[in-house]
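Below, all heavy atoms of this structure are taken into account, side chains as well, without hydrogens, waters or symmetry copies. A, B, ... follow the sequence lines: proteins, then strands. Residue 1 opens every chain. These numbers come from a predicted model, not from an experiment.
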Amino acid sequence: MANNIRVRFAPSPTGYLHIGGARTALFNWLYARHHGGVFILRIEDTDRERSTEEAIDAIIEAMSWLGLSWDEGPYRQMDRLGRYHKEAQRLLVEGKAYKCYCTPEELEERRKLALERREAPKYDRRCLTLTEKERLACEAQGKKPAIRFNCPDEGITVVDDIVKGRVVFENANLDDFVMVRADGIPTYNFAVVVDDHDMAITHVIRGDDHLSNTPRQILLYQALGYSIPEFAHLPMILGPDKTRLSKRHGATAVEAYRDEGYLPHALVNYLALLGWGYGDQTLFSIDELIQKFSLEAVGKSPAVFDPIKLEWMNGVYIRELSVDELAKLIKPYLIKAGLIPETPMYMPEDEKGMYMVGGDLAFERYDDAWYRRLAEITQERISKLSDIIALSDFFFHRVVYETEAIQRVLKKEGVPEILQKAIEVLSESFDFNSREIEARLRKLAEDLGFKPKLVFQPIRVAVTGRTVSPPLFETIELLGRDATLERLGEAIHLLEMADG
RNA sequence: GGCGCGUUCGUCUAGUGGCCUAGGACACCGCCCUCUCAAGGCGGAGAUCACGGGUUCGACUCCCGUACGCGCUACCA
């Protein structure tokens, strides 16, 4: 196996890690892990206007959460200014770069003019031929120069891309781009080349929005006397309208998916399928991904991000969790929703599990076994962890009856009687578990001569406030006898009031 | 405007000249299971392989053109 493979993920810290960036990071990571190579994290923070420390933290946090561990870095371009300066000077003395004293305003003006005349807005190279005298004059005026690359104006530059194939560019279409800004900070195309060389990167794996930048970089590699790495340009990730995925399309921050209750494995698995595939298979463990990933199998065409499929996949992985794991994962969501207190305050032993009239909670009502059971009965009903809130909130506060539920099931003939009977049956002395509860309630339906559903639905609404809930008998068990009886009574009372 | 990349069911994709009357997954529809909702099982519908020309005995697969989409064309990355 060809080793000493070195790849990198090089985000610019101008915001949170987004889906597209995460996919790029993932493919780099998979490639490195597959080949037993090195994965490097490099922060491209040369845009002083937009880069922030918070963004760096957020990117690191998101990558850690996804499990994309890096072996070197994070390096920062702003720590490497000396290197760029040195290499720029080299090109300067070799005549492969030159100083440009044109101001951004002048450039903008000329660009606009060129566009109006329907010409290519290339730099006119006026500073390339500056005489020593003219240069000194500019310096005397206090003008700070930018450094431009002296781009060859004939010949071709070929990019042999692992995913796109052989792509040919004519040098004549390139212009003398700025390598180093007037403030001494390098631009992307220059910094990336120096970095990838210094870090001995063997494979540059990045979004195909950079494909058009690649000839500029190759020219730079050649001018600097560096060896050229392999390139693999990944197709873009699009929104439903086929434009580049952005906040406009909804949540794009990895962090947002984490907060919603997506599992890292689900996100990783889903992202892997955007632009890559392995036959008919859709579900992969992380190890399988590492084992089966290859750049040769990456597709050329862009992919539309489908949050629905992601959600489905997340549900699959939630169902794969052990009950204990799920119970642990679910709790923070209940806390965040204000359903249970952040710091548990245990009740005296004999009162544990007691239902609090009025519904205000000031203590931890249930123990770990209770949460475990909750996880058990909700596991196949949630597709993201945050779904637990809507599915189980009725456990934690007084019942709020949905008007629809009242109309459609409670306000039916015979319902108060059914509920009254249920109170009687459930008041009897027996071990209050779902099996017993089910047996007694089924018996009740039979005695009443009703189909089971006809008695279970009113009870469900009385106890949960709605027509949809986790399984009834388990729900009643978890609620406890006191709370159940009280809610049943409450529903009867509600109906009486409505009648009167 | 110039340059570049892309185009198979709504979406992600399989497919590398005959195995394709185009396979899988999500979503959708129906049935089964069933205390609701899910989950699960079974089945259905859904793609003249962007379009037009070639090459070939034979093309989704190779070549050319057109259309459309996207990207680059910044002292952003």
Side-chain angles (χ1 to χ4, degrees), chain A residues 10-14 44-47 49-51 100 102-104 107-108 111 114-115 117-122 144-148 159 161 164-165 167-170 172-175 177-183 185-189 191-192 206-216 233 235-236 238 240-244 270 273-283 299-313 315-316 319 378-383 391 409 438 441-442 445 451-457 459-461 464 466-473 475:
Chain A
S12 61
T14 54
E44 308 217 323
D45 55 353
T46 54
D47 183 344
E49 304 281 289
R50 300 190 303 150
S51 298
C100 170
C102 299
T103 66
L107 259 15
E108 180 55 28
R111 227 173 61 88
L115 248 21
R117 272 181 272 144
R118 316 189 114 224
E119 289 168 8
K122 280 177 66 172
K144 290 272 184 242
I147 300 174
R148 282 183 186 274
V159 180
D161 195 90
K164 302 287 184 180
V167 185
V168 180
F169 296 87
E170 282 189 48
N173 289 321
L174 271 23
D175 71 348
F177 58 92
V178 170
M179 294 167 22
V180 181
R181 293 185 261 258
D183 62 6
I185 295 174
T187 61
Y188 165 73
N189 281 121
V192 78
R206 78 233 297 194
D208 72 10
D209 47 341
H210 287 303
L211 184 58
S212 302
N213 280 321
T214 309
R216 284 177 249 278
H233 285 93
M236 297 276 86
L238 274 24
D241 62 354
K242 309 277 191 185
T243 65
R244 195 200 194 122
Y270 179 72
L273 260 20
L274 255 27
W276 175 83
Y278 191 82
D280 277 351
Q281 192 173 346
T282 63
L283 264 15
K300 294 172 194 285
S301 49
V304 173
F305 180 74
D306 180 8
I308 306 285
K309 187 161 182 175
L310 204 211
E311 187 166 335
W312 162 78
M313 197 173 278
V316 170
R319 274 170 249 133
T378 52
Q379 185 159 30
E380 62 188 31
R381 271 161 259 266
I382 61 175
S383 52
L391 190 59
V409 358
E438 173 164 11
L441 257 19
R442 283 199 186 280
K451 284 164 98 171
K453 185 173 176 171
L454 251 38
V455 354
F456 298 162
Q457 267 310 78
I459 296 175
R460 183 192 313 283
V461 172
T464 69
R466 43 203 189 222
T467 54
V468 172
S469 81
L472 219 215
F473 317 114
T475 296

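You won't find any donor-acceptor pair under 3.5 Å spanning the side chain of Lys309(A) and the base of A27(B), going by distance alone. Counting distance only, with no hydrogens placed and no angle test, the side-chain atoms of Asp280(A) and the base atoms of G23(B) include a donor-acceptor pair under 3.5 Å. For Arg381(A) against C37(B), a side-chain N or O and a base N or O form a donor-acceptor pair under 3.5 Å.
If you check every strand for non-hydrogen atoms under 4.0 Å, Asn213(A) touches a base. Note on His210(A): a base of the nucleic acid sits closer than 4.0 angstrom, heavy atoms only. Using a 4.0 Å heavy-atom criterion, one finds that Ser469(A) contacts the bases of the nucleic acid, with or without backbone contacts as well. As judged by a 4.0 angstrom heavy-atom cut-off over every strand, Ser12(A) is placed among residues touching the sugar-phosphate backbone only. At the heavy-atom level, Leu472(A) lies under 4.0 Å from base atoms of the strands shown. Residue Ala303(A) is in sugar-phosphate contact alone, with no base atom involved, counting any heavy-atom pair closer than 4.0 Å across all strands shown. Within 4.0 Å of Pro471(A), counting heavy atoms only, lies at least one base atom of the nucleic acid. Residue contacts shown for Arg216(A) are limited to sugar-phosphate atoms, with no base heavy atom under 4.0 Å away. Counting any heavy atom pair closer than 4.0 Å across all strands shown, Gly207(A) reaches no nucleic acid atom. Using a 4.0 Å heavy-atom distance criterion, Pro121(A) is classed as a base contact. Contact annotation for Leu107(A): base contact, defined as any heavy-atom pair under 4.0 Å involving a base atom. In this structure, Arg466(A) reaches neither bases nor backbone, as no heavy-atom distance under 4.0 Å exists between it and the strands shown. Within 4.0 Å of Phe473(A), counting heavy atoms only, lies at least one base atom of the nucleic acid. Among the heavy atoms of the strands, none lies under 4.0 Å from Thr14(A).
Of the residues near RNA chain B, Leu273(A) and Ala10(A), the one whose nearest nucleotide (by heavy atom distance) lies more toward the 5' end is Leu273(A). Between Lys300(A) and Glu44(A), it is Lys300(A) whose nearest contact on RNA chain B lies nearer the 5' terminus.
Nucleotide U55(B) forms a pair with no other nucleotide shown, judged by Watson-Crick or G-U wobble geometry with both contacts under 3.5 Å. In this structure, U7(B) forms a base pair with A67(B), meeting either the Watson-Crick or the G-U wobble geometry with both donor-acceptor distances under 3.5 Å. In this structure, C19(B) makes no Watson-Crick or G-U wobble pair, since no nucleotide meets both defining distances under 3.5 angstrom. A 3.5 Å limit on both hydrogen-bonding distances identifies no Watson-Crick or G-U partner for A47(B). With both pairing distances under 3.5 Å, C31(B) is matched to G41(B) as a Watson-Crick or G-U wobble pair. Pairing partner, C75(B): none, since no Watson-Crick or wobble contact has both distances short of 3.5 Å.
Rounded to an integer number of Å, the gap from Tyr278(A) OH to U13(B) P is 18 Å. Between the P atom of U36(B) and the CG atom of Leu441(A) lies a distance of 14 Å, rounded to the nearest Å. Put simply, OH on Tyr188(A) is 14 Å from C1' on A74(B), counting in whole angstrom units.
Distance from the side chain of Ser212(A) is smallest for C72(B) among the nucleotides A39(B), A74(B), C72(B).
In this structure, Met179(A) and Arg148(A) approach most closely via the heavy-atom pair SD-C, 4.2 Å. Leu273(A) approaches Thr282(A) most closely through the heavy-atom pair CD2-O, 3.3 Å. Heavy atoms only, all atoms of each residue included: Ser469(A) and Thr464(A) are closest at CB-CG2, 3.9 Å.
Judged purely by atom type and a 3.5 angstrom limit, Tyr188(A) has no side-chain atom pairing as donor or acceptor with the backbone of Thr46(A). Looking only at distances, no side-chain donor or acceptor of Lys122(A) sits under 3.5 Å from a matching main-chain atom of Asn173(A). With hydrogens and angles ignored, the 3.5 Å screen pairs a side-chain donor or acceptor of Thr187(A) with a backbone N or O of Val178(A).
Distance check: Asp161(A) CG to Asp208(A) CG gives 9.0 Å after rounding to the nearest 0.5 Å.
At the phosphate of C72(B), OP1 or OP2 sits under 4.0 Å from a side-chain N or O atom of Arg244(A).
Separating the C1' atom of U56(B) from that of C3(B) is a span of 34 Å, rounded to the nearest Å. Straight-line distance between the P atoms of C9(B) and U61(B): roughly 14 Å, to the nearest whole Å.
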